[in-house]
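Quantities reported herein were computed from a predicted structural model and do not represent experimental measurements.
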Amino acid sequence: SADDVRTFAESLDVPIVEDPSNRDPAFRRNAIRHDVLPRLEAIAPGAEGCLARFARLAGDDSDELERQAREALMEVGTPQVLDRGWLLERPLAIQRRIVTQWFGGLAGGVELSENRIEQVLTVARTNGGVREIEVGSRWSIVVRRVDLVVTRPRPDRR
């Protein structure tokens, strides 16, 4: 607990610094920490521990899915063009991570939102003509009949 940490630090004469923002309920993390979690614990004793355990397990699962996606991409060499059929043969959780890692490798530093990832996969699953999905920072992913292509931002013409 926080009291145990404080007692231990004091026993070692380690100075304690309090960040005043940790008490400010305007921050969502504080509202959850100081209001939601105590209420939940009062309603369902042990809930906080269960949530922590679930978060740890979900993190482990996510790490494994990330590894599998990285491994799959390494098999195809992180191509400029991603084969649609190859992508869609994988489980959905792996598809999401492959698209994220593939795009990130080509667009260095630009992150895809969850909404855009889902949009890319929905379009990839749907037959039709060429469709371009703007994914942010003037980058796009073009879904064609057999593949996906990342298009780089075009310079502004002013």
Side-chain angles (χ1 to χ4, degrees), residues 2 17-41 43-44 47-158:
V17 177
E18 295 271 344
D19 180 350
S21 73
N22 285 337
R23 296 262 176 233
D24 186 346
F27 293 105
R28 184 180 305 152
R29 70 178 189 272
N30 294 330
I32 291 169
R33 182 183 304 135
H34 299 296
D35 187 32
V36 174
L37 287 177
R39 286 184 190 191
L40 184 59
E41 193 65 28
I43 294 168
E48 192 171 345
C50 289
L51 287 172
R53 200 167 27 265
F54 175 77
R56 188 183 73 254
L57 293 172
D60 292 345
D61 291 352
S62 182
D63 290 347
E64 174 59 20
L65 294 171
E66 290 289 333
R67 187 198 63 73
Q68 289 181 32
R70 246 187 334 276
E71 192 174 276
L73 267 176
M74 286 190 315
E75 288 175 11
V76 294
T78 313
Q80 295 289 321
V81 175
L82 191 62
D83 182 270
R84 211 171 121 202
W86 175 86
L87 173 66
L88 296 176
E89 288 173 353
R90 271 115 194 97
L92 182 57
I94 301 294
Q95 290 175 26
R96 289 182 180 116
R97 286 162 173 83
I98 286 173
V99 168
T100 301
Q101 292 176 21
W102 170 69
F103 178 79
L106 297 172
V110 178
E111 291 187 30
L112 288 175
S113 69
E114 290 178 32
N115 176 301
R116 292 299 187 229
I117 295 165
E118 293 305 319
Q119 188 177 12
V120 166
L121 291 173
T122 297
V123 171
R125 285 189 294 269
T126 307
N127 290 324
V130 174
R131 286 126 327 159
E132 183 171 348
I133 301 153
E134 292 182 29
V135 294
S137 299
R138 297 180 18 231
W139 288 82
S140 294
I141 295 177
V142 177
V143 179
R144 303 186 298 197
R145 190 171 68 81
V146 296
D147 54 30
L148 286 77
V149 180
V150 172
T151 63
R152 299 179 185 284
R154 295 172 192 90
D156 285 334
R157 298 178 191 216
R158 292 183 184 178

Self-check item: Working for side chain to side chain contact (heavy atoms under 4.5 Å, CB included), residues R96 and E114
Solution: CA-CA 9 Å; R96 289 182 180 116; E114 290 178 32; over 6 Å; no

Practice problem: Quick one: do V123 and I141 satisfy side chain to side chain contact (heavy atoms under 4.5 Å, CB included)? Show the steps, please. | Solution: CA-CA 10 Å; V123 171; I141 295 177; over 6 Å; no

Exercise. Run the numbers on E134 and R116 for salt bridge (Lys or Arg N to Asp or Glu O under 4.0 Å), then give the verdict.
Key: CA-CA 8 Å; E134 292 182 29; R116 292 299 187 229; over 6 Å; no

Exercise. Assess whether salt bridge (Lys or Arg N to Asp or Glu O under 4.0 Å) is satisfied between R39 and D35, documenting all intermediate values.
Key: CA-CA 6 Å; R39 286 184 190 191; D35 187 32; 2.9 Å; yes

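Between R84 and R144 there is no side-chain heavy-atom pair separated by less than 4.5 Å. Taking 4.5 Å as the limit, every side-chain heavy atom of V76 sits out of range of all side-chain heavy atoms of D83.
Across every non-hydrogen atom of T100 and L112, the tightest pair is CA-CD1, 4.2 Å. Among all heavy-atom pairs drawn from L88 and A124, the shortest one is CD1-O, 3.3 Å. Across A47 and E41, no two heavy atoms sit closer than the pair N-OE1, 3.3 Å. The shortest heavy-atom contact between V150 and W102 is CG2-CH2, 3.5 Å. The minimum heavy-atom distance linking P20 with E18 is given by the pair CD-O, 3.3 Å. The two atoms that bring L106 and W139 nearest to each other are O-CH2, 3.6 Å, heavy atoms only.
In this structure, R67 places its CZ atom where more than 12 heavy-atom neighbours from other residues, nucleotides or ligands lie under 6.0 Å away. Within a 6.0 Å sphere centred on CZ of R29, other residues, nucleotides and ligands contribute more than 12 heavy atoms. Annotation for E132: atom CD counts as buried by contact number, over 12 foreign heavy atoms lying within 6.0 Å.
Here CD of E71 is found 11.0 Å from CD of Q101. Values are rounded to the nearest 0.5 Å. Within the model, atoms CD of E48 and CG of L40 stand 8.5 Å from one another, a figure rounded to the nearest 0.5 Å. To the nearest 0.5 Å, atoms CG (L92) and CZ (R97) are separated by 9.5 Å. The line from CG of L148 to CH2 of W86 is 11.0 Å long, rounded to the nearest 0.5 Å. Here the CZ atom belonging to R90 is positioned 9.0 Å from the CD atom belonging to Q95, to the nearest 0.5 angstrom.
A distance-only check finds no donor-acceptor pair linking the side chain of R28 to the backbone of A26 [under 3.5 Å]. With N30 contributing its side chain and S21 its backbone, the two residues share a donor-acceptor pair below 3.5 Å.
Among the candidates L65, L121, I117, L82, the single residue satisfying the side chain to side chain contact (heavy atoms under 4.5 Å, CB included) test with I98 is L82.
A donor and an acceptor atom, one from each side chain of S113 and N115, are nowhere located under 3.5 Å apart.
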